[in-house]
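Beneath this line is the structure, given in structure tokens, with notes to follow.
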Number of protein chains: 2
Amino acid sequence: MTRIATLSETRSNCHDCRLRSLCLPDNLSKEDIGELDSIVQRRKPVARGAYLFQAGQRFNSIFAVRTGSVKASTLLANGDEHISGFHLPGDVIGLDAIVSRDHPSTAIALESTSVCEIPYAELESLGDRLPTLQHQLVRIMSRELLAEQSTGHLLTRRAAEQRLAVVLLKFSERFANRGLSALRFRLPMSRLDLGNYLGLVPETMSRTFRRLEEQGLLSIAGKEIEIVDVCAIKALAYGNNEGDLAAKA
Amino acid sequence: MTRIATLSETRSNCHDCRLRSLCLPDNLSKEDIGELDSIVQRRKPVARGAYLFQAGQRFNSIFAVRTGSVKASTLLANGDEHISGFHLPGDVIGLDAIVSRDHPSTAIALESTSVCEIPYAELESLGDRLPTLQHQLVRIMSRELLAEQSTGHLLTRRAAEQRLAVVLLKFSERFANRGLSALRFRLPMSRLDLGNYLGLVPETMSRTFRRLEEQGLLSIAGKEIEIVDVCAIKALAYGNNEGDLAAKA
DNA sequence: CGAATCCTTGAGTAATTTCAAGACTGGTGG
DNA sequence: CCACCAGTCTTGAAATTACTCAAGGATTCG
């Protein structure tokens, strides 16, 4: 077929982006979105396993995930990998690098992933002229700060079942925020990666998933997860430690 | 003694503040600091156990810790408290509330603590006029984001000894950043609170402290901590899991 | 000085980790 | 299109570790 489409035609712009309300353009006027759009670079999708950037690499841009998913990881002194988070469409990546000159962590695509690259120097300049954009950047950073904090809550839960319940609800919420089903979704990462994130070994992950399925809280088919009993999962995740509520499932 | 000093005289200003380089004034011109100073409110110290703000309370200001220390906590559904962080002089608190209208967490003074209160609406307006100030706010948020992330690293460490080693090194670094001793310092929080933060029960905290002291890595006198063998602590915190290096202590 | 809180210590239990090995996938190449 | 291969996932049994429960002792703050 004849390809007469220019690059810009096949690539979306901020104004028409479904994720606009989650991203930098939120609250911006049509004109301001146009200005932002002019500095946003939309490259071809990043292949599964490829780096968006690596730890130690010079920081130049932040990235907004458009489709796909990304894991953020750091290499520990002993050679182990620690996964500090997973990024889904609408998330903005690289904000932790602003304060230093270099990226503190590595961003790896978990599947074919398309991102918008926003050169930070240009964003900063544009923000000087467009207060609304600047405010939105700050709001997004505040949002990320909040998200990171709740990760802390997650990891101090002792029981593996609790940690899994909490993280599943968090993903559920994130999918729902994008208008997807809160009860049926596909986890983009391997159990290995999810376990690493939660501080649990793969064996425990496997057993914990199975236990929740046996209790009738989940239905699992590979990476496809269905939350069968939301109430019970919430009770397990956020309810009392004694299990009084959860035991009623 | 005769008190003729006005309130403004007994209270410092941003320009003369020792913590200036860690805080919002960093990188600002003398004039800009003056403008910032004019919106900063310096109240009398907050007593030990008093709230700077409570979760759910309307967000109006961010706070910079000048002296003392603060713990950030949230109440879980089961009634338990979760401590998400500790704030020392130079830290800016409340940034996680910008995105929502209310504070997501409660800030409690761990000792008599003095803070600078910065009304956020005014800071935002001022930031619109002073790009350098705006950039500095973003840098501080990026710094906080980075700090929160490394909390995640901390909490995925399985062993209690590792978690304690990591958190002690983090405090050591923070004290050093303020020009204090990196090897001898006073932890402002109780073992209870520190354990809560680390996801460990008080009994485990007690035993773990004692074990590190017996191994000759620490010297402990109440809240006063001395790091005796930095290398061994670092090996324990960041070295390999097998303990090959740490065992040589 | 006195009460409240915090810290310590001990013994037993429950949980995850470790070690080992087999089964399953999904992607690649013939 | 099928077969292969590497990585992923599962399962079992033993070992380690932190948690729970209980109670006494030490600090600290008012």
Side-chain angles (χ1 to χ4, degrees), chain A residues 47-50 71 78 80-81 83 108-112 155-165 186-214 218 220-225 236 240-244 246-247, chain B residues 45 47-50 68 71 78 80-81 83 108-113 155-165 186-214 218 220-225 236 240-243 246-247:
Chain A
R48 168 198 173 88
K71 70 172 175 183
N78 59 23
D80 287 354
E81 178 187 26
I83 294 174
I108 302 175
L110 289 169
E111 57 197 310
S112 184
L155 296 172
T156 50
R157 305 294 171 113
R158 293 113 176 72
E161 286 188 6
Q162 283 203 323
R163 291 196 200 177
L164 186 53
R186 184 179 154 279
L187 289 178
M189 76 295 292
S190 70
R191 302 280 146 92
L192 219 69
D193 283 346
L194 189 60
N196 183 313
Y197 175 64
L198 295 176
L200 299 169
V201 296
E203 294 93 326
T204 303
M205 291 301 296
S206 178
R207 286 186 252 262
T208 308
F209 264 112
R210 188 161 53 77
R211 231 179 301 150
L212 292 187
E213 188 170 34
E214 282 169 4
L218 293 179
I220 305 161
K223 300 194 161 164
E224 295 288 339
I225 305 289
L236 179 59
N240 59 25
N241 296 327
E242 319 309 327
D244 297 343
Chain B
R48 169 198 174 88
K71 70 172 174 182
N78 58 24
D80 287 354
E81 179 188 23
I83 295 174
I108 301 174
L110 289 168
E111 56 198 309
S112 184
T113 296
L155 296 172
T156 50
R157 304 293 171 115
R158 292 114 178 72
E161 286 189 8
Q162 282 203 326
R163 290 195 200 178
L164 184 54
R186 183 181 156 277
L187 289 178
M189 75 295 293
S190 69
R191 303 279 146 92
L192 218 70
D193 283 346
L194 189 59
N196 183 313
Y197 175 64
L198 295 176
L200 298 170
V201 295
E203 294 94 325
T204 303
M205 290 302 294
S206 178
R207 287 186 250 264
T208 308
F209 264 111
R210 189 161 53 78
R211 229 180 300 151
L212 291 186
E213 188 170 34
E214 283 170 3
L218 293 179
I220 304 160
K223 299 193 163 165
E224 294 287 339
I225 306 289
L236 178 59
N240 60 26
N241 297 326
E242 319 309 326

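These numbers come from the heavy atoms of this one structure, side chains and all, not from hydrogens, waters or symmetry mates. So you know, we letter chains A, B, ... as the sequences are listed, proteins then strands, and number each from 1.
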To the nearest Å, give me how far apart CE (B:M205) and P (D:dT20) are. 15 Å
Of the listed C:dT9, C:dT17, D:dC19, the closest approach to the B:R158 side chain comes from C:dT17
B:K223/B:E111 ion pair, N-O < 4.0 Å: no
Rounded to whole angstrom units, what separation is found between the CD atom of A:Q162 and the C1' atom of C:dA15? 13 Å
Quick one: does A:R186's side chain get under 4.5 Å of A:I225's, heavy atoms only? no
For the side chain of B:K223, starting at C-beta, report the closest nucleotide among C:dT8, C:dT16, C:dC7. C:dC7
Under a 3.5 Å distance rule, please check whether B:R207 uses its side chain to pair with a backbone N or O of B:M205 as donor and acceptor. no
Atom CZ of A:R163 to atom C1' of C:dT16: distance rounded to whole Å? 10 Å
What is the nucleic acid contact for B:S190, judged by heavy atoms within less than 4.0 Å: base, sugar-phosphate only, or nothing? sugar-phosphate
Nucleotide of D:dC19, C:dT9, C:dT17 approaching A:L200 most closely (side-chain heavy atoms): C:dT17
Should B:D193 and B:L110 be marked as a side chain to side chain contact (heavy atoms under 4.5 Å, CB included) after you check the CA-CA gap, both sets of side-chain angles, and the distance that decides it? CA-CA 10 Å; B:D193 283 346; B:L110 289 168; 3.8 Å; yes
Can you tell me the distance, in whole Å, between the CD1 atom of A:I220 and the P atom of D:dT8? 19 Å
What's B:G199 touching, base or sugar-phosphate or nothing? Going by heavy atoms closer than 4.0 Å. sugar-phosphate
Looking only at side-chain atoms of A:A160, point me to the closest of C:dG10, C:dT16, D:dT10. C:dT16
Residue mapping more 5' on DNA chain C - nearest nucleotide basis, B:R48 or B:R210: B:R48
Any idea which of D:dA18, D:dT11, D:dT20 is nearest the A:R207 side chain? D:dT11
Ranking C:dC7, D:dT20, D:dT10 by distance to the side chain of B:V201, first place goes to D:dT20
Would you mind reading off the distance between B:D80 atom CG and D:dC19 atom C1', rounded to a whole angstrom? 14 Å
Distance check: side-chain N/O of A:S206 vs OP1/OP2 of D:dT10, anything under 4.0 Å? yes
No-H, no-angle donor-acceptor pair, B:R211 side chain to C:dT8 base, under 3.5 Å: no
Whole-Å distance between C:dC7 P and B:N196 CG? 12 Å
Whole-Å gap separating C1' (C:dT16) and CZ (B:R157): 18 Å
I'd like to know if A:E214 pairs up with A:R210 as an ion pair, taking the criterion as any Lys NZ or Arg NE/NH1/NH2 lying under 4.0 Å from an Asp or Glu carboxylate oxygen. yes
